[in-house]
Amino acid sequence: MIEQLATKVSNGARLDRGEALELYRRAPTHLLGRLADGVRARKHSHPIVTYIIDRNVNYTNVCVARCNFCAFYRTVGSSEGYVLGFDEIFRKIDETIAVGGNQLLLQGGHNPDLPIAWYEDLFRAVKSRYPDFKLHALSPPEVLHISKINQLPVAVVIARLVAAGLDSIPGGGAEILVDRVRKLLNCYSKASADEWLDVMRHAHRAGLRTTATMMYGTVETEEERVEHMMRLRDLQDETGGFTAFITWSYQPEHTERGGTEATGVDYLRTLALARIVLDNFDNLQASWVTQGGKVGQLSLAYGANDMGSVMIEENVVRAAGAAYCMDEVEIVVNVEDAGFMPKRRNMHYEILGDPIFRERDVPRMLALGTARADGDTSVPEELRQYPARSRAGKQLRTLTN
Ligand code: SF4
């Protein structure tokens, strides 16, 4: 049976749900890797591995969703809650441009005190200062949150954000796209599986490209991991709007859920299966941020063709215990050592060029930046312009008046 399935994959045929599950459960790890590597080589005939220089910025950690796998959020009114000011975000963009970056990956908590006008004003301000800089921003649950608190349809929210400068949507918040799992992780109310997919459908229809993700290793079964992949494959068949897929393991430290982290072998098997099942996705990223540089490098033999982002700043995964840091030089060394040619890309996976540090002097980034310095509780000046919904938010506005 496994041999037949292996032949099917090698011949470029699509696996159905049962076949994918059988392969996942029974194929030896080296076979999964070989099959995934074959699919990658068919899609990417040149031995190029891409990466992007961008900055992962979390504009607020205040969140009403309270997913039990998340160590990043703070409740409304918490003394550790923050919202970044526009000037702080401009500074981060300046630093990103200095190391050759061209994009912010901008995500945050579901803060009830940020109306849609705050996002629109921020996006417009960024675009007027940095016209060519890209905003890869607001995962589907954040779009839904904005839709709910502003009582606007999702399509209208997307259209308004695009008019203000949104370029593309990151695939965060997917976790596992099965509602049984979402209920157990307390993330069903932020977005059901259908709602997550529907935001992406709207985004693709509006002409935006997006990514897709999967966080595994909590309460899901192997069937549910496969189900997640099938749901993404179906939507990609329908819209063709996903540029890439990224999977990572749940990071348990400091979370309400706790537990242990999945192994590196589980990661490589899951990545390889995704490459085989998601036959309509061109790009798979290596999640070295959660797995470390060496497993990240190994990912290139298990279906990944992209090293994701040079990490300049990271807050979410670090809050849950993982703090791997690789700047462009280290990514390039890892890619070349694995036998591939490293190339810079944009969000659309268009090649921008060779490593920037070989073209000009760029500062090394040997430590990850953070959203804010520890203990900085300052409230940005411009927040006062936006009405707050929560009692704590209203009090904060009064205090800063
Ligand atoms: S994962 Fe996102 S939505 Fe869930 S609690 Fe954390 S910040 Fe909020």
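Numbers here are sequence positions counted from 1.
- Proximity of a side-chain donor or acceptor of N61 to a complementary backbone N or O of Y73 within less than 3.5 Å is not detected.
- Checking side-chain atoms of D113 against main-chain N and O of R389 turns up a donor-acceptor pair under 3.5 Å.
- Contacts classified as ring pair (Phe, Tyr, Trp, His ring centres under 6.0 Å) and involving residues 143-186 (residues at least two apart or in different chains) are given here: H110-H145.
- Under the rule for a ring-ring contact (aromatic ring centres under 6.0 Å, His included), the partners of H204 that lie at least two apart in sequence or sit in another chain are F242.
- Distance alone, capped at 3.5 Å, is enough to place a donor-acceptor pair between the Q251 side chain and the S249 backbone.
- Judged by distance alone, with hydrogens and angles left aside, the side-chain atoms of N346 form a donor-acceptor pair with the main-chain N or O of H348 at under 3.5 Å.
- Outside the 6.0 Å centre-distance limit, the rings of W288 and Y51 are not counted as a close aromatic pair.
- Counting only distance, with no hydrogens or angles, the side chain of D237 and the backbone of G240 share no donor-acceptor pair below 3.5 Å.
- With sequence neighbours left out, the side chain to side chain donor-acceptor pair (under 3.5 Å) criterion links R74 to E80.
- Between the side chains of Y59 and N111, no donor-acceptor pair is found at a separation under 3.5 Å.
- If you check the side chains of Q291 and S299, you find no donor sitting under 3.5 Å from an acceptor.
- Remark: side-chain polar atoms of S168 are not paired, donor with acceptor, to backbone N or O of T210 under 3.5 angstrom.
- With R17 as the fixed residue, the side chain to side chain contact (heavy atoms under 4.5 Å, CB included) test singles out one of E223, M229, M230, E22: M230.
- A side-chain donor-acceptor contact under 3.5 Å links T270 to the backbone of D266.
- Between R344 and E359, at least one side-chain nitrogen of the basic residue sits less than 4.0 Å from a carboxylate oxygen of the acidic one, meeting the salt-bridge criterion.
- Tested against V49, the residues D306, N334, L300, I331 include a single side chain to side chain contact (heavy atoms under 4.5 Å, CB included) partner, L300.
- Between the side chain of Q103 and the main chain of R55, no donor-acceptor pair closer than 3.5 Å is present.
- Residues L177 and W196 meet the side-chain proximity criterion, which asks for heavy atoms closer than 4.5 Å.
- Listed by first and then second residue, the salt bridge (Lys or Arg N to Asp or Glu O under 4.0 Å) pairs that reach into residues 126-142 are K127-D167, sequence neighbours excluded.
- Taking 4.0 Å as the cut-off between side-chain N and carboxylate O, D94 and R91 do not count as a salt-bridged pair.
- Residue-environment remark: CZ (R201) exceeds the threshold of 12 foreign heavy atoms within 6.0 Å.
- Screening residues 182-191 for side-chain hydrogen bond (donor to acceptor under 3.5 Å, both in side chains) gives E175-K190 as the qualifying pairs, with residues at least two apart or on separate chains.
- For F133, there are no ring-ring contact (aromatic ring centres under 6.0 Å, His included) partners at least two apart in sequence or on another chain.
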